[in-house]
Amino acid sequence: MVVMVVDDERFVRQGIIDNIPWQSLGIDTVLEAKNGLECIEKAKEFPPDILIADIRMPKLNGIDLGKQISLQYPDCKMIIISAYSDKEYLKSAISLNVVAYVEKPLILDELEMAISKAVKDISQKTQAREEN
């Protein structure tokens with residue numbers, strides 16, 4: 001599985017990448033992007049199974065990125081991270097059918113649980129397809 005971590009703060013991206021036990025969750029490739037536009041470019045070569053994106057970023061915010069990614073890769077599971085608990089952001093995230101909305105400062109256990117849920121959802125969908 002491919003995960004794309006998208007946040008304009010390098011420290012946040014690196015903290016996520018360095019502190020989640022990716023392989024034990026069944027994820028073999030973790031990529032990063034500093035904004036939504038960079039993510040879309042990288043996704044052309046490495047379509048993400050799971051997108052972890054900050055909601056507020058320059059060039060293309062997490063909500064608009066989520067909309068574009070879901071059009072191109074409808075099976076991609078999304079996890080939104082944000083320092084903002086604004087109701088409009090929450091509504092937008094719900095409309096994207098995100099797996100989780102994790103607030104900053106990040107609690108890694110909470111993020112790991114969200115990733116685990118996304119992996120489980122993908123595995124179940126893959127299994128159901130194989131059975132049909």
Side-chain angles (χ1 to χ4, degrees):
M1 277 189 213
V2 176
V3 170
M4 182 84 68
V5 178
V6 189
D7 196 303
D8 57 319
E9 296 178 51
R10 186 182 176 284
F11 179 78
V12 172
R13 288 192 318 269
Q14 209 57 53
I16 293 169
I17 291 167
D18 291 345
N19 292 293
I20 298 292
W22 300 105
Q23 288 188 330
S24 69
L25 294 171
I27 294 162
D28 47 30
T29 305
V30 180
L31 303 169
E32 64 179 298
K34 64 182 177 248
N35 61 55
L37 293 179
E38 184 178 356
C39 173
I40 287 171
E41 283 305 307
K42 286 187 176 187
K44 290 175 185 174
E45 190 173 347
F46 302 98
D49 296 297
I50 300 171
L51 176 69
I52 301 171
D54 188 13
I55 208 157
R56 268 189 158 177
M57 296 180 289
K59 298 187 181 180
L60 186 65
N61 69 47
I63 297 299
D64 292 337
L65 170 62
K67 288 175 184 174
Q68 288 191 34
I69 289 291
S70 66
L71 287 173
Q72 294 174 10
Y73 313 101
D75 293 334
C76 180
K77 299 294 179 185
M78 287 178 264
I79 298 167
I80 297 291
I81 56 176
S82 178
Y84 306 93
S85 56
D86 181 278
K87 281 185 182 181
E88 289 307 310
Y89 285 144
L90 288 169
K91 284 182 192 177
S92 296
I94 289 167
S95 74
L96 286 173
N97 198 24
V98 299
V99 172
Y101 188 99
V102 182
E103 291 186 55
K104 291 180 183 177
L106 294 174
I107 297 169
L108 289 173
D109 287 345
E110 185 180 350
L111 182 58
E112 187 177 335
M113 284 183 358
I115 295 165
S116 182
K117 182 183 183 322
V119 168
K120 184 179 176 183
D121 289 354
I122 292 166
S123 296
Q124 287 175 341
K125 196 168 196 172
T126 302
Q127 185 178 2
R129 274 193 200 133
E130 290 171 358
E131 290 173 1
N132 290 334

- Query: With sequence neighbours left out, what residues match Asp109 under side chain to side chain donor-acceptor pair (under 3.5 Å)?
  - Reply: none

- Item | Test salt bridge (charged side-chain N to carboxylate O under 4.0 Å, His left out) applied to Lys44 and Glu41, step by step | CA-CA 6 Å; Lys44 290 175 185 174; Glu41 283 305 307; 2.9 Å; yes

- Supply the atom-to-atom distance Met78 CE to Asn97 CG, rounded to the nearest 0.5 angstrom. 8.0 Å

- Query: Arg10: what forms a side chain to side chain donor-acceptor pair (under 3.5 Å) with it, not counting sequence neighbours?
  - Reply: none

- Query: With sequence neighbours excluded, what pairs up with Glu32 under the salt bridge (Lys or Arg N to Asp or Glu O under 4.0 Å) test?
  - Reply: Arg13

- Hydrophobic clusters join Ile, Leu, Val, Met, Phe, Trp and Tyr when side-chain heavy atoms are under 4.5 Å apart, directly or via other members; which others share one with Leu25? Met1, Val3, Val5, Val12, Ile16, Ile17, Ile20, Trp22, Ile27, Val30, Ile50, Ile52, Ile79, Ile81, Val99, Val102, Leu106, Leu108, Leu111, Ile115, Val119, Ile122

- Task: Enter the distance from Ile40:CD1 to Asn35:CG here, rounded to the nearest 0.5 Å.
- Result: 9.0 Å

- If a pair satisfies salt bridge (Lys or Arg N to Asp or Glu O under 4.0 Å) and one of its residues is in residues 60-74, list it, with sequence neighbours excluded. none

- salt bridge (Lys or Arg N to Asp or Glu O under 4.0 Å) pairs, two or more places apart, involving residues 18-31: none

- Gap between atom CG of Asp75 and atom CZ of Arg129 - 0.5 Å precision: 4.0 Å

- Shortest non-hydrogen contact from Tyr73 to Ala43? OH-O, 3.0 Å

- Message: On a heavy-atom basis, which atom in Ile69 and which in Cys76 lie closest, and how many Å separate them?
- Response: CG2-SG, 3.8 Å

- Note on the structure: Residue pairs meeting salt bridge (Lys or Arg N to Asp or Glu O under 4.0 Å), one or both in residues 90-102, sequence neighbours left out, come to Glu88-Lys91

- Item | Cluster overlap Met113 with Tyr101, hydrophobic side-chain contacts below 4.5 Å | no

- Query: Minimum heavy-atom separation for Pro74 to Leu71, with atom names?
  - Reply: CD-O, 4.2 Å

- Taking every heavy atom of Ser92 against every heavy atom of Ile63, the minimum-distance pair comes out as CB-CD1, 3.5 Å

- Item | Glu131: partners by side chain to side chain donor-acceptor pair (under 3.5 Å), with sequence neighbours left out | Gln127

- Is there any side chain to side chain donor-acceptor pair (under 3.5 Å) pair reaching into residues 46-60, and which pairs are they, with sequence neighbours excluded? Asp54-Lys104, Arg56-Tyr84, Arg56-Tyr89

- Note on the structure: Applying side-chain contact (heavy atoms from CB on, under 4.5 Å) to Pro21 and not counting sequence neighbours gives Ser24, Glu112

- Nearest non-hydrogen partners of Gly62 and Ile80, listed with the distance: O-CD1, 4.3 Å

- Just jot down the side chain to side chain donor-acceptor pair (under 3.5 Å) partners of Lys117, sequence neighbours excluded, or say none. Asp121

- Task: State, yes or no, whether a side-chain contact exists between Leu65 and Met57 at a heavy-atom distance under 4.5 Å.
- Result: yes

- Could you tell me the separation between the CG atom of Leu51 and the SG atom of Cys39, rounded to the nearest 0.5 Å? 5.0 Å

